[in-house]
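These notes concern the structure reproduced below.
Protein chains get the first letters and strands the later ones, always in sequence-line order, with residue 1 at the start of each. Values below: every heavy atom of this structure, side chains too, minus hydrogens, waters and symmetry copies.
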2 protein chains.
Amino acid sequence: MIKQMQKRTLETRARLMAVATQLVAQNGYAALRTEEVVQGAGVAKGTFFSHFKDKDALMDLLIGAGIDRHLDDMAQATPPATVEELVALHRPLLRFMTQERYVFDVILRLSGAAAVEEIGAIATTFGRYIDLTAAWFRRGGFRRDIPAELLAEGMQAFLTQVMALNFCALHDDQKMEARLEVYFQAWLCPKV
Amino acid sequence: MIKQMQKRTLETRARLMAVATQLVAQNGYAALRTEEVVQGAGVAKGTFFSHFKDKDALMDLLIGAGIDRHLDDMAQATPPATVEELVALHRPLLRFMTQERYVFDVILRLSGAAAVEEIGAIATTFGRYIDLTAAWFRRGGFRRDIPAELLAEGMQAFLTQVMALNFCALHDDQKMEARLEVYFQAWLCPKV
DNA sequence: ACATTAAATTGACTGCGGTCATTTTAATAT
DNA sequence: ATATTAAAATGACCGCAGTCAATTTAATGT
């Protein structure tokens, strides 16, 4: 049966993922070594790369899952009516994405799919983010002279900007959120 | 004399830079190998790393110089009065920054200084970009409800966004500029 | 049972960035 | 001239991601 072979494959992959998740929980993302993962899973180095294109592909899944959890929470919450609420809703996501410089780098690198066919986990979450925030804007309460999708894309741009600036000097959550609020205000509620 | 020692140091560094520049002109940024650079300069591997913290530090200088050349041109040009002119002014810079995926990655990684003390070449050019565009906005012609500096920072955010999206699917300058115009219009000339 | 075949796994090997104890160079003191 | 000393240069070495020809596993045909 083909099922059998697939089963072995899936088991190995699940084992690799489980070990990787465990190691990340222990030592963080940047410290993850493929060598440790394969040792923990009891397979050879090459097996790792027959399951994942490269280390980034694994990170894409791990970090993408993390982002997804936060988007779930955001989708669950009541839609924000003010910029303050909007910023507050972003806090956990922001914290997750900037927990390590390495994590942010990976997100930046993988936030756009390399090709149309193979859209990665992180790139998918960015699409989700656009959909989610666009839905908020369609409910009204913010500027209406441009499409909600465009508003959402701008959010993404400013989110990235704020996180990038955050790594410039000293890591300071307070500053990050303050800056985000300024950007969001200017983008979502222009007073011309 | 202390001068003598400094001279040797400067000569070696200049030789490394010259060889690196030459190699990049030949094969592009991503293909540069430190091994080739030191061989071309006639020094040992370790010498490279006593002159540059890491490979990124060299790239910072090379790419930073490239960006600076384009900023020189932009500063020379007559200040843009419309969004179309603004986008047109960005064309060469945009082309340079997206000539290689690797170049864009390096720019993203180094656009924020890691620490306050050591602001790199690329990070400096981003400061220059803010100053330049802020000066344009202070002349008027665009929205005035927020500080020119903030407007400029938004430009940077959208510029990054457009370049990132550019690497998502097929590389297409036309689309990149079109998208940039939409963003700039919405950011600089809100019609609320 | 046995042969065939395709997928899954293996691990020695490569490429390349980066390190560091050691050696060389050259400026200054005696 | 010679000793001293600090900077500069050296290159063997390391860590780690990623490769690939060879081997094992397991499903299918006869």
Side-chain angles (χ1 to χ4, degrees), chain A residues 1-20 23-24 27-63 100-103 105-106 109-110 114 118 120, chain B residues 1-20 23-24 27-63 100-103 105-106 109-110 114 118 120:
Chain A
M1 285 172 284
I2 294 175
K3 282 284 177 62
Q4 279 295 350
M5 263 206 291
Q6 285 186 340
K7 198 174 153 200
R8 179 170 59 144
T9 305
L10 291 178
E11 276 172 5
T12 303
R13 166 178 279 254
R15 204 135 27 85
L16 287 168
M17 288 291 293
V19 172
L23 286 171
V24 164
N27 315 316
Y29 291 90
L32 192 73
R33 298 284 168 267
T34 59
E35 195 57 48
E36 289 182 307
V37 176
V38 295
Q39 269 175 25
V43 296
K45 188 93 168 273
T47 301
F48 179 96
F49 291 97
S50 69
H51 282 269
F52 307 101
K53 183 181 162 291
D54 50 27
K55 196 182 165 187
D56 268 4
L58 171 65
M59 284 301 172
D60 188 44
L61 293 175
L62 293 176
I63 296 174
E100 288 178 44
R101 169 80 219 211
Y102 173 74
V103 170
D105 281 346
V106 171
R109 207 174 325 124
L110 304 183
E118 38 143 330
Chain B
M1 287 170 281
I2 294 175
K3 282 283 177 63
Q4 278 296 349
M5 265 206 290
Q6 286 186 339
K7 198 173 154 201
R8 178 168 62 144
T9 306
L10 291 178
E11 276 172 4
T12 303
R13 167 178 278 253
R15 204 137 26 87
L16 287 169
M17 288 291 292
V19 172
L23 285 172
V24 164
N27 315 317
Y29 291 90
L32 191 74
R33 298 284 167 268
T34 59
E35 195 56 48
E36 289 181 308
V37 176
V38 296
Q39 269 175 23
V43 297
K45 188 94 167 269
T47 301
F48 179 96
F49 291 96
S50 68
H51 282 270
F52 307 102
K53 183 180 163 293
D54 50 26
K55 196 183 164 186
D56 268 5
L58 171 64
M59 285 300 171
D60 188 44
L61 293 176
L62 293 176
I63 295 175
E100 288 179 43
R101 169 81 219 212
Y102 173 74
V103 170
D105 281 346
V106 171
R109 206 173 328 124
L110 304 183
E118 37 144 329

Legend entry - Straight-line distance of A:R13 CZ to A:T47 OG1, nearest 0.5 Å: 12.5 Å
Legend entry - Whole angstrom value for the distance that separates P of C:dC16 from CG of B:L58: 16 Å
Inset, instruction - Could you encode protein contacts along nucleotides 10-20 of chain D as a string, one character per nucleotide from 5' to 3', using B for base contact, S for sugar-phosphate-only contact and - for no contact, with a heavy-atom cut-off of under 4.0 Å? - result: BB----SBBBB
Inset, instruction - Please state how far atom CZ in A:R8 lies from atom C1' in C:dT9, giving the value in whole angstrom units. - result: 7 Å
Legend entry - Spacing of A:Q39 atom CD relative to C:dT9 atom C1', expressed in whole Å: 16 Å
Inset, instruction - In whole angstrom, give the distance that lies between atom CG of B:L10 and atom P of D:dA7. - result: 15 Å
Legend entry - Nearest atoms (heavy-atom pairs only) where B:A20 meets B:L58: CB-CD2, 3.9 Å
Inset, instruction - Using atom CZ of A:R13 as one end and atom P of C:dA7 as the other, report the distance to the nearest whole Å. - result: 16 Å
Inset, instruction - Quick one: closest heavy-atom pair of B:F52 and B:A57, and the distance? - result: CB-CB, 4.1 Å
Inset, instruction - Please determine if a side-chain N or O atom of A:H51 lies less than 4.0 Å away from the OP1 or OP2 oxygen of C:dA8. - result: no
Inset, instruction - Decide, yes or no, whether a salt bridge links A:R109 with A:D56 under the criterion of side-chain N to carboxylate O below 4.0 Å. - result: yes
Inset, instruction - Find the distance between CD (A:E11) and CZ (A:R8) and round it off to the nearest 0.5 Å. - result: 10.0 Å
Legend entry - Separation of D:dA9 C1' from B:R15 CZ (nearest whole Å): 11 Å
Legend entry - Main-chain N/O of B:T34 paired with B:K45 side-chain donor or acceptor, under 3.5 Å: no
